[in-house]
Engineer: 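To start, I am sharing the structure in question, which I have written as structure tokens.
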Amino acid sequence: MDPVERFAQYALAFEHAFASDDWSVLPSHFTADATYETYGAPPLAGRAAGRAAVVERLRGLVDGIDRRFDRRAPAIVDGPRERDGGVWMRFALTLERDGLSPLTIHGDHTVLFDGPHIARIEEYVPARDGAAVEAYLAQHAARLHPPRGTALPLSVARMEALVSAYAAAKSRADIDAALAVCSDDFQLETVALHTRAQGADAARAQLGVFFTAFPDYAVRLEGLAAGDTGMAAWGRARLSFKGPLLEIPPTGRTAELPIFCVFGFRGDRIASERFVFDLADLCAQTGLPLELLSAMARGNGSQRAAAS
């Protein structure tokens, strides 16, 4: 994996941490003696040394600045690309609070790696931007959310971050990380198999069965489209039938097929996923018995209809 790809993985993990407020996903990206330094003016300037201190500084900046606004819109102005031994990008972060003018922070961000882990983050924020942030927070303190206060209302960017974090966790077969961005009453529906898991515990069990059969499942999202309260995502999944599925022995064969998902949201969490794929296509590529799975799916559908 090249440095830009490693940087992209870290950026995705950061967005997951921001969306879920679960910062335990970040330490594994850093070396034990990692440093994070921002050059400029307070309150952005500062330095942290050591893995735990780096993660705490990232969290502190988010809680002390980003979460005081209603909306957060990060943008990459240039990059990311390899430069001077690291991965560099130029960013613009716009923060919005209803009734106030937006606040935009510009800067350069460089990540230096030691092997697969981040050894140092360097940020250069113009002094005028740091001074503007300090003045804005002081002037509008009473009209902003208090530090570590109310979570940001859901936005398109927020929905995208939640879905991306959920998809990345599933591609690692990390059920705990996937459900960390879901509500306690999360509903997971696999349309092709007529299965529906109601609640996080049921979803955990259903995902466990799936990852036992397809432990290398990975999805590549190719597009996202948002509505007022939901989001659709589509892409391609690659998975190998390497473990038993119910009583069907594995074939070891691999499939790659298009997938489509529809997500619902409640509060600051994913409340539901409808997962759609072509069952016949999966069976043809992996050697799963289509007639048997179709019969099982019809049975699942009949049981649900009777229950309702």
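Source: prediction; values computed, not measured. Note that these values count all heavy atoms, side chains included, but never hydrogens, waters or copies made by symmetry.
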Engineer: Quick one, R204 with L179, criterion side-chain contact (heavy atoms from CB on, under 4.5 Å). Give me CA distance, side-chain angles, the key distance, then yes/no.
Structural biologist: CA-CA 8 Å; R204 186 185 307 277; L179 294 179; 3.8 Å; yes
Engineer: Between T110 and D108, is there a side-chain heavy-atom distance shorter than 4.5 Å?
Structural biologist: no
Engineer: Tell me whether D185 contacts the main-chain N or O of G199 through its side chain, where contact means a donor paired with an acceptor under 3.5 Å.
Structural biologist: no
Engineer: Is the W23 to F18 ring centre distance short of 6.0 Å?
Structural biologist: no
Engineer: Let me check something: do V219 and V209 share a hydrophobic cluster, defined by ILVMFWY side-chain heavy atoms less than 4.5 Å apart, either directly or through other members?
Structural biologist: yes
Engineer: Flag yes if V111 and I76 sit in one hydrophobic cluster, no otherwise; membership is Ile, Leu, Val, Met, Phe, Trp, Tyr, and two members link when side-chain heavy atoms are under 4.5 Å apart.
Structural biologist: yes
Engineer: With a 4.5 Å cut-off on side-chain heavy atoms, are R97 and L103 touching?
Structural biologist: no
Engineer: Determine whether V163 and V276 fall in the same hydrophobic cluster, where Ile, Leu, Val, Met, Phe, Trp and Tyr are linked whenever their side-chain heavy atoms lie under 4.5 Å apart.
Structural biologist: no
Engineer: Using every non-hydrogen atom in the two residues, find where R266 and S183 come nearest and quote the distance to one decimal.
Structural biologist: NH1-OG, 3.9 Å
Engineer: If we ignore hydrogens and angles and just use 3.5 Å, is the side chain of S272 paired with the main-chain N or O of F263 as donor and acceptor?
Structural biologist: no
Engineer: Tell me whether R47 forms a cation-pi arrangement with Y36, defined as NZ or CZ under 6.0 Å from the six-membered ring centre and within 45 degrees of its axis.
Structural biologist: no
Engineer: Please report the interatomic distance CG(D201) to CZ(F186), rounded to the nearest 0.5 Å.
Structural biologist: 12.5 Å
Engineer: Kindly assign one of parallel, tilted or perpendicular to the pair F214 and F241, based on the angle between their ring planes and the thresholds 30° and 60°.
Structural biologist: tilted
Engineer: Has R238 got more than 12 heavy atoms of other residues, nucleotides or ligands less than 6.0 Å from its CZ?
Structural biologist: no
Engineer: Is it the case that the side chain of Q285 and the backbone of E256 share a donor-acceptor pair, with hydrogens and angles ignored and the cut-off at 3.5 Å?
Structural biologist: yes
Engineer: Regarding K170 and the six-membered ring of F211, is the cationic atom NZ or CZ under 6.0 Å from the ring centre and inside 45° of its axis?
Structural biologist: no
Engineer: For Y136 and H140, I'd like to know if the aromatic rings sit close, meaning centre-to-centre distance below 6.0 Å.
Structural biologist: yes
Engineer: Show your working on side-chain contact (heavy atoms from CB on, under 4.5 Å) between V4 and E82 and close with a plain yes or no.
Structural biologist: CA-CA 7 Å; V4 174; E82 292 186 62; 4.0 Å; yes
Engineer: Can you see which heavy atom on G130 is nearest to which on L44, and at what distance?
Structural biologist: CA-CD1, 4.2 Å
Engineer: Can you tell me how far the CD atom of E37 sits from the CZ atom of R57, to the nearest 0.5 Å?
Structural biologist: 8.5 Å
Engineer: Do W234 and L162 belong to the same hydrophobic cluster, where Ile, Leu, Val, Met, Phe, Trp and Tyr are linked whenever their side-chain heavy atoms lie under 4.5 Å apart, directly or via other members?
Structural biologist: no
Engineer: To the nearest 0.5 Å, what is the distance between CD (E273) and SG (C182)?
Structural biologist: 8.0 Å
Engineer: Would you please indicate yes or no on a ring centroid separation below 6.0 angstrom for F30 and Y10?
Structural biologist: yes
Engineer: Could you tell me if D216 and S240 have a donor-acceptor pair between their side chains, going purely by distance under 3.5 Å?
Structural biologist: yes
Engineer: Is the shortest heavy-atom distance from the side chain of R81 to the side chain of W88 under 4.5 Å?
Structural biologist: yes
Engineer: Do R269 side-chain atoms and S20 backbone N/O form a donor-acceptor pair below 3.5 Å?
Structural biologist: yes
Engineer: Does CG belonging to D2 count more than 12 external heavy atoms closer than 6.0 Å?
Structural biologist: yes
Engineer: If we ignore angles and hydrogens, is there a donor and acceptor under 3.5 Å between the side chains of R253 and T286?
Structural biologist: no
Engineer: So do R6 and P116 actually touch side chain to side chain, heavy atoms under 4.5 Å?
Structural biologist: yes
Engineer: So is R90 actually on top of Y124's ring, under 6.0 Å and inside 45° of the axis?
Structural biologist: no
Engineer: Quick one: does any side-chain atom of D174 pair with a main-chain N or O of A177 as donor and acceptor, under 3.5 Å?
Structural biologist: yes
Engineer: Quick check: do L288 and L245 have side-chain heavy atoms less than 4.5 Å from each other?
Structural biologist: yes
Engineer: Do the side chains of L93 and R72 get nearer than 4.5 Å, heavy atoms only?
Structural biologist: yes
Engineer: Could you give the distance from CG (L207) to CG (D176), rounded to the nearest 0.5 Å?
Structural biologist: 10.5 Å
Engineer: Do F277 and L282 touch side chain to side chain, with heavy atoms closer than 4.5 Å?
Structural biologist: yes
Engineer: CD of Q206 to CG of L188: how many Å apart, nearest 0.5 Å?
Structural biologist: 4.5 Å
Engineer: For a side-chain contact (heavy atoms from CB on, under 4.5 Å) check, start with the C-alpha distance between I118 and V54, then their side-chain angles and the critical distance, and finish with the verdict.
Structural biologist: CA-CA 11 Å; I118 296 171; V54 167; over 6 Å; no
Engineer: When you measure from the side chain of R274 to the backbone N and O of C261, does any donor-acceptor pair fall under 3.5 Å?
Structural biologist: no
Engineer: If you take all heavy atoms of A41 and A131, which pair is closest and at what distance?
Structural biologist: CB-N, 4.3 Å
Engineer: Check the pair T254, L239 against side-chain contact (heavy atoms from CB on, under 4.5 Å), reporting the backbone distance first and the verdict last.
Structural biologist: CA-CA 6 Å; T254 299; L239 62 169; over 6 Å; no
Engineer: Is there a donor-acceptor contact under 3.5 Å from the side chain of R67 to the main chain of L61?
Structural biologist: no
Engineer: Between the side chains of E122 and T38, is a donor N or O closer than 3.5 angstrom to an acceptor N or O?
Structural biologist: no
Engineer: Are the side chain of T190 and the backbone N or O of L193 linked by a donor-acceptor pair below 3.5 Å?
Structural biologist: no
Engineer: Work out which heavy atom in G86 is nearest to a heavy atom in L112; give both atom names and the distance.
Structural biologist: CA-CD2, 3.6 Å
Engineer: Would you say the side-chain atoms of D70 pair up with the backbone N or O of D98, donor to acceptor, closer than 3.5 Å?
Structural biologist: yes
Engineer: Between atom NE2 of H16 and atom OH of Y166, what is the distance when rounded to the nearest 0.5 Å?
Structural biologist: 12.5 Å
Engineer: Grouping I, L, V, M, F, W and Y whenever their side-chain heavy atoms are under 4.5 Å apart, do M89 and L12 come out in a common cluster?
Structural biologist: no
Engineer: Taking all heavy atoms of P215 and all of A173, pick out the closest pair and write down the distance.
Structural biologist: O-CB, 4.2 Å
Engineer: What's the shortest heavy-atom distance between A178 and A169, and which atoms?
Structural biologist: N-CB, 3.4 Å
Engineer: Quick one: does D21's side chain get under 4.5 Å of R59's, heavy atoms only?
Structural biologist: yes
